[in-house]
Amino acid sequence: MNRRQLIAAALLLGLAAACGPKAPAPFGACPTPAQVAWQQMEMNMFFHFGPNTFTGAEWGDGTETEDIFHPTDLDCRQWTATARAAGFQGAIITAKHHDGFCLWPSPESRHTVAQSQWRDGQGDVLRELSDACAADGLKFGVYISPWDRNDPRYGSPAYNGAFVRTLESVLGGQYGPVFEQWFDGACGEGPTGKRQEYDWPMFNGTVHRLQPQAVIFSDVGPGCRWVGNESGRAGRTNWSTLDVAGFAPGAGSPPTQVLNEGTPGGAHWAAAETDVSIRPGWFWRASETDRVKSVDQLMKIYYESVGRNSLLLLNVPPDTRGRIDPVDSLRLMEFKAALDAVFAEDLAAGATAAGSSRGRGFAPANVLDSDYDRYWAVSDGETTATLTLELAGPKTFNRVMLQEYIPLGQRISAFHVEAFTADGQWQEIARETTVGYKRIVLTDTVTATAVRLVIDEALACPTLTRVALYNDKGRD
Ligand code: FUL
């Protein structure tokens, strides 16, 4: 082809694409690009670290002397290297827990690392962790508790302004970009015995102003919501949409079942985040080292969080040295090996896909590649659909993974899966409700030459970007 022919061919192709079917219109509340990127992180690590690490308390009362905080061998690169090796994408640290102690030299407080003898008052855990995250390619996030049992202003209007300045000293760029701001809903008494009326619009506005891309966690968002329990379990039905009108974080939050399952067609996008600790407590304690969760427990948590349209925020609390305990890090490596053993091989690879579609660009085969932005979609107005995969031979599996294309909203509300088995029959192997960003359905182990996905009900014409089959040989 000469140059002129090339240009003509390119124009024709462009014209053909322009004449092709359009993408479905977004449906209902949809995530922002930052919320999509956040959900794609799938697993982040939580680090509870502070005076409680040294006192053994879960909630310090704010009277602890600053010198209590004295990690003997702090190494944040050990935390981030461990998280990275275990397949985690981000880290969130308790910069300030309810005891009010700040792991950075906050100018708003006299209860910080700067008042301690640790590193002669020159230490800054946020500096070290944010640098370590950058070095290991993890995103950096912060938990900053509004409830403060040390600050004498807590319980008076002055505290809200002080809390905003506290946020500014972390989010103002000093520690680089922050991907998630974690706001705990707990609102107990301060040192004055008083409770605070939190100014949530002002707190959220401060985060949005300084870190526009940061996803704000609280019981009710606005960026993402609490999953409603601390045991690692998202709802089997789990909508990323939620009706938040009239609710607030903490005592004013919706019932935990609503947090666990979301609201179908809800007015606000606030996907569930599942926060759970690898240990019984949130902070490290020598006495709990023999109760670090097993690989089976971690796999169950994975299937019931990431596999149920939620992000997993797994707490791995550093010890009094300021390092991850070897028992925990070994367990994390075993967990990663177990995940890899299941997800290394997609048994749908090489399959052919058939089903109705809205036309070129939205073919059923799009579910077979890992490009998130190429998806299968049916025509507007169709709220049921069938997709058949002819597998590349008989395949044995017990996990069916589905992914909706969430930038256009969450749509599927009921589906079932059938497998074509050696006896020449279609056999129903699963019947479920929602899909969302990622759904991993656990089935009995089955050997089949074809798989049929039937979308029985959707709030709008469904989209699917991925269907994959896996075999977890270690678990039913
Ligand atoms: C809770 C806190 O009270 C716990 O101490 C812990 O930080 C957990 C993640 O959130 O609300």
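In each ligand, atom 1 is the first atom listed, and ligand 1 is the first ligand listed.
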Please check if any side-chain donor atom of [X] sits under 3.5 Å from a side-chain acceptor atom of [Y], or the reverse.
{"X": "Gln211", "Y": "Gln213", "answer": "yes"}
{"X": "Glu432", "Y": "His416", "answer": "no"}
{"X": "Arg399", "Y": "Tyr303", "answer": "yes"}

Only one of Trp284, Trp79, Phe283 passes ring-ring contact (aromatic ring centres under 6.0 Å, His included) with Phe49; say which it is.
-> Trp79
Looking at the rings of Phe69 and Phe101, which for Trp means the six-membered one, are their centres under 6.0 Å apart?
->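 Under 6.0 Å, so yes.
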Can the ring centres of Trp200 and Phe183 be said to be less than 6.0 Å apart?
-> yes
Every pair of nitrogen or oxygen atoms between ligand 1 and the protein that is under 3.5 angstrom apart - can you list them with their distances to 0.1 Å?
from, atom 1, to, atom 2, distance (Å)
ligand 1, 3 (O), Trp59, NE1, 3.0
ligand 1, 3 (O), His98, NE2, 2.8
ligand 1, 5 (O), Trp59, NE1, 3.1
ligand 1, 5 (O), His97, NE2, 2.9
ligand 1, 7 (O), His48, NE2, 2.7
ligand 1, 7 (O), His97, NE2, 2.9
ligand 1, 7 (O), Tyr143, OH, 3.0
ligand 1, 10 (O), Asp184, OD2, 2.8
ligand 1, 11 (O), Asp184, OD1, 3.2
ligand 1, 11 (O), Asp184, OD2, 2.7

